[in-house]
Structures are given as structure tokens and as C-alpha cells.
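Reading through the C-alpha cells given below for one structure.
No experiment lies behind these values; they were computed from the predicted model shown. Proteins get letters first, then strands, A, B, ... in listed order; numbering begins at 1 in each.
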Amino acid sequence: MTVLEAENVSYKYSVGTPFQITALDRVNVKVEQGDMLAVIGHTGSGKSTLIQHFNALLKPTEGRILLYGKDINESRETAHNARFKVGLCFQYPEYQLFESTVYKDISFGPANMGLSSSETDERVRRAADFVGLSENMLGKSPFDLSGGEKRRVAIAGVMAMEPEVLIMDEPAAGLDPRGRRSILELIGNYRKKTGRTVIIVSHSMEDVAGVAEKILVLNRGSVAMHGSLDEVFSRSDELRGMGLDIPQITRIFSELNKYGFGLKKNVYTVEQAKDEILRYLHKGGNAK
Amino acid sequence: MEKATLIRFSDVSYRYESDNETPLPLALKNINIDIKKGEFVAILGHNGSGKSTLAKLANAILMPESGKIYVNGMDTSDESLEYEIRQTVGVVFQNPDNQIVATIVEEDVAFGPENLGIEPSEIRKRVDEALKAVGMYEYRFHEPHKLSGGQKQRVAIAGIMAMRTDCIILDEPTAMLDPKGRKEVMAAMRKLNKELGIAVVLITHYMEEAVAADRVIVMDSGRIVLDGAPRDVFSNEEIIEKAGLELPESAKLALLLRRSGVNLPSGILTAEEFIEAFKFSVSGGAAK
């Protein structure tokens with residue numbers, strides 16, 4: 001079932017000036033229920049613009065955004081509802097924390113949805129627990145937390161709204177390798193546990209390879225590819241032409257295969273690579 | 001010939017001010033570093049390990065609690081030298097939004113050299129070169145605030161490049177860039193370093209970028225735990241892990257395979273090295 005759909009969406013700014021820019025150009029995308037989708041594209045390709053359309057923060061210049069088949073910009077009310085059903089976590093969300101306590105910050109979204117205070121309380125605790133913030137942190141000022149913890153607070157705030165679609169713009173940007181890994185694991189677990197639709201925007205092919213099941217590639221405001229990891233990462237030359245790449249590990253495998261090794265092509269992470277090489281060697285790859 | 005020291009940290013400790021009576025722990029503890037003229041140094045460390053603090057101390061934005069910092073022999077605690085110190089060491093920070101000052105890209109890049117009182121024709125030359133080096137020349141008449149994050153970051157880098165400082169410190173300059181943008185910025189850094197002899201200090205979370213440096217410094221909780229050539233630093237896998245970091249992907253794959261009994265040499269850091277070693281040990285070495 002399709003949850004979100006961009007139907008022939010174009011978005012232009014500075015219309016009528018010499019600097020008119022078409023940020024999105026007739027974009028057609030269907031996001032299916034339960035998708036774990038990564039949106040990739042060069043800087044300025046329209047990724048952030050597209051996801052801001054998905055929760056009605058931006059309104060298409062042309063075309064429609066459909067949530068469960070209904071135009072989210074039909075009325076002020078439908079646009080308002082879309083912001084709760086499609087939760088958007090911006091880049092560097094920790095800069096948007098503003099409340100005096102972690103608890104208040106996480107509860108801001110659900111409280112705005114008009115939920116009862118007991119329901120809000122339940123959701124705040126559930127979300128905090130899920131992102132790994134302990135009970136005693138809830139009373140602290142978010143500004144006393146580390147960068148990684150602040151980001152978890154911001155993410156919990158969006159998760160506590162329990163949106164049908166969770167969208168995260170560069171969720172791991174600026175984090176150290178350990179923080180990166182744990183945020184990506186968190187997103188994977190969220191998806192497994194809730195079965196809800198998750199969309200992430202990322203510049204790291206390695207991160208995409210570790211967490212996503214489908215990839216949407218934007219290039220100069222248009223959809224260039226949309227498919228499984230295998231479908232997208234098998235088009236490495238085209239990706240490079242768009243300022244993107246394949247994961248480093250995948251590149252190693254494709255180089256090795258040029259020398260006649262019969263390794264699987266669809267290997268994207270270090271773990272998969274280790275398993276595939278061991279399989280290959282046990283099969284007698286080194287006996288030649 | 002021993003190269004002259006450009007930046008010297010002599011037993012430097014630093015502590016951020018607390019907003020209550022309990023003092024914060026030291027952000028940097030007894031740091032000793034010599035950055036030589038023309039060196040390319042990468043600094044790694046977990047979030048909050050003190051990397052950015054180091055950058056701000058080198059640029060006389062912060063003053064040490066104890067110890068001394070010398071830039072070209074100038075003591076950074078001497079306020080009368082502040083201007084000269086900043087002409088020697090330029091810093092590009094994480095968030096380009098805080099660094100853009102003009103309304104047109106090329107004016108923004110010209111801002112630094114204009115303030116140094118440089119001839120207009122020379123400024124013109126530097127601005128064009130810097131914009132080309134970061135791949136933003138075609139955007140020279142655009143408005144910076146309408147650029148994407150990655151594009152803004154490249155403009156900020158061009159702004160420092162145009163000042164022709166002896167040393168550029170970059171604090172995670174590629175965190176928001178796409179793979180092509182990262183490659184372009186890295187290439188620009190190398191060009192600056194190799195061709196113009198400018199010392200580059202690159203603070204990064206990307207292990208692959210650190211591999212390209214002449215020297216890697218690893219910070220952990222305000223201390224330097226490793227300092228040396230990339231190959232030596234990344235051979236200390238336990239210290240790297242403990243510092244919240246990871247090995248570069250190719251190095252990690254090689255290590256996992258070696259632990260599983262595959263005959264690969266130690267010291268593999270890049271994809272190219274992995275491919276060469278694998279070809280040799282699997283079809284050549286082990287096949288005999």
C-alpha cells in the first residue's frame with residue numbers, strides 16, 4: 001500500500017528573478033507502507049526540499065503530495081495533520097532543543113497533538129527509553145548533555161509523536177564513528193519494532209548500505225533512480241556521474257572481480273564482505 | 001632538514017566555564033603538539049574529545065587555562081598579536097551558516113583578503129582560484145543563503161583559502177558534503193598543501209580522510225592518545241576502538257579476515273592496498 005506519494009511535484013524559488021531555481025522538477029515517487037528508504041543525491045539535488053514537501057512544510061509549485069491518497073495541501077487542516085502523521089527530524093536537530101528539561105522537549109510534539117497528559121507522559125517515557133535516555137536524564141537541561149545525547153533527545157521528540165512516516169535528514173551527520181553506528185542501529189530497531197515507514201536522507205553510501213532497503217536517487221531536482229540496493233548500487237558509473245558513489249566495500253569487490261575473482265557483486269558492508277570472502281575461500285577460491 | 005614549527009602547544013590545559021559553582025572537567029589535559037610548516041595533519045576523536053577546542057586555541061579564540069600556545073613564535077595570549085595570528089592560522093568551522101557574511105558568493109570569498117588590504121587585482125585572482133578549487137566558480141554570483149549546506153561549506157573554505165594563511169584548520173569541513181563534494185574538498189586541501197605549502201590541520205570523523213594525511217593525532221577525553229603516521233596509528237586497533245573510533249573500512253575488513261585465518265599482511269589502510277594484498281595472497285602467495 002502506498003503511504004506517501006509525490007505526484008508530478010515541481011518546486012521553484014525566486015520565480016521571476018534571474019536567479020530562479022527549480023529545486024524539484026516533476027518528481028513522481030511512491031513510498032510504500034513499511035519502506036526503509038534512503039534518499040541520496042548530490043548537495044543541492046533537492047533531497048531536503050522533497051522531504052519538506054512530505055510533511056507540508058513546503059507547498060509544491062505544481063503537483064500534489066498525497067498521504068494515503070489524499071492531497072495534504074487541500075486545506076489548512078489537512079496540512080496541519082500531515083505534520084503529525086509525517087514526523088520530520090531535521091539536520092543537526094540538537095540545535096532546535098529549547099525547553100528547560102529533556103522531558104519537556106520530548107513532550108513538545110505529542111502535547112501539541114492534543115493528547116491527554118497521561119498519554120503524552122507514556123509516549124515521552126517510551127520514546128526516551130527507546131533512544132536510550134535513562135529516567136534520570138529526563139529532568140536534566142538538554143544543554144547539559146553531550147552532542148550525541150542531545151541528538152537522541154531531538155529524535156525521541158519526533159518518535160514520541162508516533163508518526164506513520166518518520167523522516168530523518170542526515171541523522172548521523174557530525175557524529176563520531178561510534179555515535180554514528182548507534183544512531184543507525186537505533187533507526188533500524190525502530191523500523192523493526194514498529195514496522196512503520198522510515199525515510200532517511202544521507203550523504204554516506206556506507207550508512208545507506210547499513211540501514212536502508214530501498215534507495216531513491218535525486219539528481220538536479222529529478223528522480224534518477226528508485227529501487228532496491230542491488231538495483232541502485234549496480235549502476236556505479238551513473239552514480240559517480242551524479243556526484244555519488246557506491247560503498248567502498250562494493251568498489252573493492254567490483255575491482256577484485258575484474259581480476260577474475262568470482263565474488264558476489266551485491267556486497268555493501270564490512271560484515272557481508274568478510275562472510276562472502278570466507279565463503280569464496282572455503283569453496284576453494286584460493287586452491288586454483 | 002627539520003621543518004620549522006608553525007604551531008606549538010606547550011603543556012596546554014583548557015576548561016570551559018561552568019554556569020554554576022561546580023567547575024567543569026578539563027576539556028584538554030596537558031597537550032603538547034608541534035605542527036610543522038607544510039604538514040598535513042588529521043585530528044580524530046569522539047564527539048567532545050577536545051578536537052574543536054584545540055582549533056579555537058590555535059586561532060586565539062580561546063585562551064589556555066595553563067600552558068602556552070605559539071603561532072609562528074607568537075604567544076596567543078598576547079592580545080596585540082591577535083590580528084597577526086589569525087592571518088597565519090585560518091579556521092573553517094563545522095557550520096558554514098555562521099561564517100557566511102556577504103550576499104554574493106564571490107564577495108563572501110573576497111571579504112578576508114579585502115580586510116588584509118590586498119590589491120583588488122590580486123583579490124580577483126585569489127577569489128577565482130579559490131572558488132575553482134572548491135568547485136563553486138559557477139556559483140560566484142549566487143546568493144550564499146540559497147545554497148545547500150555542502151555548497152556553503154565550500155564557499156567558507158574558499159574564503160579561508162583566499163587569505164593565503166600559512167595554516168588552515170578545518171573542523172569537520174566535509175560532514176555535510178556528498179561523496180563528490182568530499183573528494184573535491186579533499187583534493188583542494190591536498191593541492192593547497194602540496195602546491196602552496198600551506199599546513200593543513202583536518203579535524204574529521206571520516207577515517208578514510210585521515211588516511212590521506214601525513215600524520216594522524218587521536219584524541220580521547222581531552223588527551224592525545226596516538227600521534228604518528230597513519231599506518232602506525234591505525235595499527236593500534238584497541239586504542240582506536242577505546243577512543244570511540246573505528247578503523248577505515250578496508251583496514252577493518254583486512255583485520256576481520258586475518259582473524260579468520262586468511263593470509264593477509266598487516267598495515268592495509270586503503271581499498272587499493274586491500275585489492276593488491278588480496279590478489280597476491282589469494283591467487284599468488286597462498287596458491288603455491
Chain B contacts, top residue of A:Ile277, A:Ile21, A:Asp245, A:Leu244 (heavy-atom pairs, under 4.5 Å): A:Ile277
Max heavy-atom pair count under 4.5 Å with chain A, selected residue of B:Leu44, B:Leu245, B:Leu24: B:Leu245
Among the listed options B:Ser250, B:Ala254, B:Gly48, the residue most often paired with chain A at heavy-atom distances under 4.5 Å: B:Ser250
Proximity breakdown for B:Glu246 and chain A, heavy-atom pairs closer than 4.5 Å: both
Qualifying side-chain hydrogen bond (donor to acceptor under 3.5 Å, both in side chains) pairs with a residue from residues 134-143 of chain B, counting only residues at least two apart or across chains: B:Tyr139-B:Gln151
Option that, when pairs with chain B are counted at under 4.5 Å, heavy atom only, ranks first among A:Asp176, A:Leu278, A:Leu175: A:Asp176
Short side-chain to backbone donor-acceptor contact, A:Lys264 and A:Phe253, under 3.5 Å: no
Interface residue of largest heavy-atom contact number with chain A, from B:Glu208, B:Lys183, B:Arg182, under 4.5 Å: B:Glu208
Proximity breakdown for A:Met205 and chain B, heavy-atom pairs closer than 4.5 Å: side chain
Charged N-O contact under 4.0 Å between A:Asp25 and A:Arg220: no
Residues A:Lys258, A:Glu255: salt bridge by 4.0 Å N-O rule: yes
All pairs passing salt bridge (charged side-chain N to carboxylate O under 4.0 Å, His left out) where residues 222-236 of chain A contributes a residue, at least two apart: A:Arg235-A:Glu238
Contact class of B:Thr204 relative to chain A, heavy atoms under 4.5 angstrom: neither
Contact class of A:Leu239 relative to chain B, heavy atoms under 4.5 angstrom: neither
Leading residue by heavy atom contact count with chain B [cutoff under 4.5 Å; candidates A:Lys274, A:Gln248, A:His42]: A:Gln248
A:Arg240 with A:Asp237: basic N within carboxylate O range, under 4.0 Å: yes
Results of salt bridge (Lys or Arg N to Asp or Glu O under 4.0 Å) for B:Glu241 - residues two or more places apart only: none
Electrostatic pair B:Arg259:B:Glu237 at N-O distance under 4.0 angstrom: yes
Parallel, tilted or perpendicular: ring planes of A:Tyr11 versus A:His53, cut at 30 and 60 degrees: perpendicular
Residues 264-277 of chain B: residues contacting chain A (heavy atom under 4.5 Å, by number): B:Ala271, B:Glu272, B:Phe274, B:Ile275
Test: A:Arg151 cationic atom under 6.0 Å from A:Tyr92 six-membered ring centre, within 45° of axis: yes
Lys/Arg N to Asp/Glu carboxylate O, B:Arg215 vs B:Asp227, below 4.0 Å: yes
